Undergrad: 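Sharing a structure here in structure tokens format.
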Amino acid sequence: SIISNFYIGNFNSEARFSFTGQMGDFLIFNTALTTSQRQQVEGYLAQKWGLTTSLPATHPYVKFPPP
């Protein structure tokens, strides 16, 4: 089948409920991430975009990017 009318942040074909705004990165994974993997992604993106103050103080990558 062909996918058409694909919207970010929407659960149906009504465009009025879709995401409107800017997005710096869009990541797609083909499997669920473990907590550690999710934290690596969060840390990488927070470091990249200068948003480390948005991470909890206990986050493993709040001060340094993941390896």
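As the structure is a computational prediction, the values presented were derived from the model and not from experiment. Side chains are part of it too, since the values below use all heavy atoms of this structure and drop only hydrogens, waters and symmetry mates.
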Undergrad: Which of these passes side chain to side chain donor-acceptor pair (under 3.5 Å) with E42: R38, Q39, Q40?
TA: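 Only one option passes, and that is R38.
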
Undergrad: Check which hydrophobic residues are tied to L55 through side-chain heavy-atom contacts below 4.5 Å, counting indirect links as well, and list them.
TA: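 Members besides L55, by chain and number: V62.
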
Undergrad: Above 12 or not: heavy atoms from other molecules or residues under 6.0 Å from NZ of K63?
TA: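 No.
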
Undergrad: Restricting to non-hydrogen atoms, name the atom on P66 and the atom on G43 that form the minimum distance, rounded to 0.1 Å.
TA: CD-C, 3.9 Å

Undergrad: Please name the pair of heavy atoms, one in Y61 and one in P67, separated by the smallest distance, quoted to 0.1 Å.
TA: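 Closest approach of Y61 to P67, heavy atoms only: CE2-CD, 4.0 Å.
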
Undergrad: Crowded around F29 CZ? As in, over 12 foreign heavy atoms under 6.0 Å?
TA: yes

Undergrad: Is L27 linked to Y44 within one hydrophobic cluster, defined over Ile, Leu, Val, Met, Phe, Trp and Tyr using a side-chain heavy-atom separation of less than 4.5 Å?
TA: yes

